[in-house]
Protein chains: 2
Amino acid sequence: MAQERALPPVVERLWGREPVSRRGPRPRLDLGMITSAAIEIADAEGLTGVSMASVASRVGVAATALYRYVGSKEDLLTAMVDFVVSAPPDPAGRPWRDYLALWTRAQRDTLLEHPWLLQIARLTPPLGPRRLLWLDRLLAALDGVGLDDGEKINVASALTGYALTDAALVTTVGGGEPQFDDAGIEGADDYGEVLAGLLDPEAYPALSAAVRGGALRGAEGWVDDGDFRFGLELLLDGVEALISRRASGEDAG
Amino acid sequence: MAQERALPPVVERLWGREPVSRRGPRPRLDLGMITSAAIEIADAEGLTGVSMASVASRVGVAATALYRYVGSKEDLLTAMVDFVVSAPPDPAGRPWRDYLALWTRAQRDTLLEHPWLLQIARLTPPLGPRRLLWLDRLLAALDGVGLDDGEKINVASALTGYALTDAALVTTVGGGEPQFDDAGIEGADDYGEVLAGLLDPEAYPALSAAVRGGALRGAEGWVDDGDFRFGLELLLDGVEALISRRASGEDAG
DNA sequence: TTGAAACTATGAACGTCATACACAGTACGC
DNA sequence: GCGTACTGTGTATGACGTTCATAGTTTCAA
């Protein structure tokens with residue numbers, strides 16, 4: 001109820017609280033139009049294509065006009081992160097484990113569809129309406145399993161982190177267009193071979209052995225969908241272990 | 001042995017393979033000096049303080065001289081990521097679970113000591129000698145538990161991702177100086193209160209309830225060290241579950 | 001010992017970009 | 001209708017990454 005907080009103005013706008021102008025010309029834009037334009041550019045050309053000028057020209061105004069709506073380019077990026085997120089799946093009637101898997105996979109898919117998200121290192125706790133909705137649904141899905149709210153939030157955090165890591169892996173080494181075309185590996189079918197050329201077996205015994213064994217050969221080593229499931233089940237097994245521990249009346253460490 | 005690969009030149013230099021110059025003046029610098037200077041600046045002033053000019057002036061050359069050693073600023077950032085990493089702990093004689101915990105915690109600590117790392121969204125598979133050494137040690141620690149190399153690497157990947165997520169959380173919402181001072185929350189003892197002011201209980205029922213219950217009150221909700229351990233044990237429980245599944249002779253899904 | 005070759009650092013210049021500011025135009029309230 | 005408050009524009013600025021021609025320096029070969 002103490003709503004008089006000093007929120008960043010972009011966040012206010014994200015929640016639909018655009019300032020009500022009584023006098024003056026109608027604003028030609030709103031945060032949504034600007035952000036959508038920016039997202040379209042990022043999807044098409046990558047984040048490097050997103051400049052204040054390019055976004056402005058796409059919505060048909062001068063570059064400096066955008067500053068009526070966002071305080072800075074950082075603000076715009078923040079808004080983009082919230083706006084790309086679609087509506088979370090509905091947890092109603094789903095077993096928690098299924099829902100968590102679905103939830104995490106959907107997050108990963110979003111990251112894969114908009115790889116530039118990975119370049120916006122905005123691992124900040126979310127404040128936008130869309131991302132918070134995801135959190136809400138996860139909490140709802142975990143209702144009644146015996147975890148407290150803090151634990152549920154930690155679970156959410158771990159899952160989000162995993163989605164991020166995996167998406168980053170897939171994007172850089174395996175999947176589609178190389179988004180980070182700079183110091184990464186290109187197609188990297190040969191990541192293993194590259195490593196084999198670099199590693200001194202004496203200094204890196206275990207890794208050398210793994211490479212020789214072919215564990216990193218191309219897509220098989222890193223970017224398989226099976227690999228995603230693997231880590232996901234790892235996490236979910238952990239959650240399940242915790243839940244049954246709680247159910248048997250133990251306390252936390 | 002097929003060493004004639006087209007590696008990015010920075011990577012070559014990371015492995016100590018500076019080109020041997022027969023003619024001409026001795027190079028006044030090497031990649032290590034440049035990268036160390038950049039790291040010192042980043043530690044002191046944040047990543048925004050790191051410009052080609054500032055790094056160059058710190059090592060006592062003109063800005064453009066750096067381009068003899070790094071192809072671009074991106075390259076420099078890549079080198080920084082490898083150089084900040086210290087030596088991994090020794091797995092010898094440690095139970096795998098202890099070592100994995102230690103390993104993950106050490107990675108998180110590095111991230112907390114150098115928060116600018118989080119802003120370099122370089123979740124790329126590592127190619128530098130230092131980061132690969134960490135991977136090697138993790139593989140060694142998991143020797144003989146019954147996982148194949150691919151699975152071990154997936155475990156490493158999940159743990160690294162978790163360290164990253166947690167460090168990001170701690171850095172932005174709780175811990176030290178606000179590194180992302182832009183659209184984040186400042187001290188955020190009041191993240192919960194901020195949320196309370198934003199959330200419509202009808203649209204966000206579970207989250208509102210959690211907030212009212214105080215699950216997000218200040219440092220308790222997010223940034224406790226207990227929270228880090230919580231997620232970590234989650235993951236390790238998952239690994240343990242997998243290991244015993246493998247031990248009982250099952251196959252993967 | 002001398003000269004050329006190979007390589008290093010420099011300084012100026014360029015293009016891009018985010019952003020500040022003063023101004024002009026526009027709609028609403030009285 | 002007049003003032004006011006607000007919107008979009010144009011210009012300008014400063015920072016930054018990067019390129020290029022140049023001058024300087026060290027080593028090799030004769």
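Numbers restart at 1 for each chain; the letters A, B, ... are given by sequence-line order, proteins then strands.
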Handout entry: Note: A/Asp82-A/Arg130 ion pair, threshold 4.0 Å (strictly below)
Key = yes
Practice task
Scan A/Ala65 against the nucleic acid and name what it touches under 4.0 Å (heavy atoms): base, sugar-phosphate only, or nothing.
Solution key: base
Handout entry: Between C1' of D/dT13 and CE of A/Met52, the distance in whole Å
Key = 17 Å
Problem - B/Pro88 backbone acceptor or donor facing B/Trp103 side chain under 3.5 Å - result: no
Problem - Atom pair distance, as rounded to whole Å: CG in A/Leu66 and P in D/dC6 - result: 20 Å
Completion exercise
Separation of D/dT18 atom C1' from B/Asp75 atom CG, nearest Å, is 13 Å
Please set out all donor-acceptor pairs under 3.5 angstrom arising from side-chain atoms of residues 24-32 of chain B, sequence neighbours excluded.
from    : atom 1 : to      : atom 2 : distance (Å)
B/Arg28 : NH2    : B/Gly60 : O      : 3.4
B/Asp30 : OD1    : B/Gly32 : N      : 3.0
B/Asp30 : OD1    : B/Met33 : N      : 2.9

Problem - Base-contact (B) and sugar-phosphate-only (S) positions in nucleotides 21-30 of chain C, heavy-atom cut-off under 4.0 Å, - elsewhere - result: ----BBBBS-
Practice task
Would you kindly give the CD1-to-C1' distance between B/Ile34 and C/dA9, to the nearest whole Å?
Solution key: 12 Å
Practice task
Assign the ring pair B/Tyr162 / B/Phe228 to parallel, tilted or perpendicular, where the plane angle (0 to 90°) is split at 30° and 60°.
Solution key: parallel
Fill in the blank from the handout: When rounded to whole Å, the CG to P distance for the pair A/Leu76 and C/dA18 reads 10 Å
Practice task
Nearest whole angstrom, please: distance from the P of C/dT10 to the CG of B/Leu29.
Solution key: 9 Å
Practice task
Please tell me if the side chains of B/Met52 and B/Val70 come closer than 4.5 Å, counting only heavy atoms from C-beta onward.
Solution key: yes
Practice task
Answer yes or no: is there a side-chain heavy-atom contact under 4.5 Å between A/Asp75 and A/Arg13?
Solution key: no
Fill in the blank from the handout: Whole-Å distance, A/Tyr67 OH to D/dA12 P, equals 18 Å
Practice task
Let me know the distance between CZ of B/Arg28 and P of C/dC7, rounded to the nearest Å.
Solution key: 19 Å
Problem - B/Pro27 side-chain proximity, nearest of D/dT7, C/dT10, C/dT8 - result: C/dT8
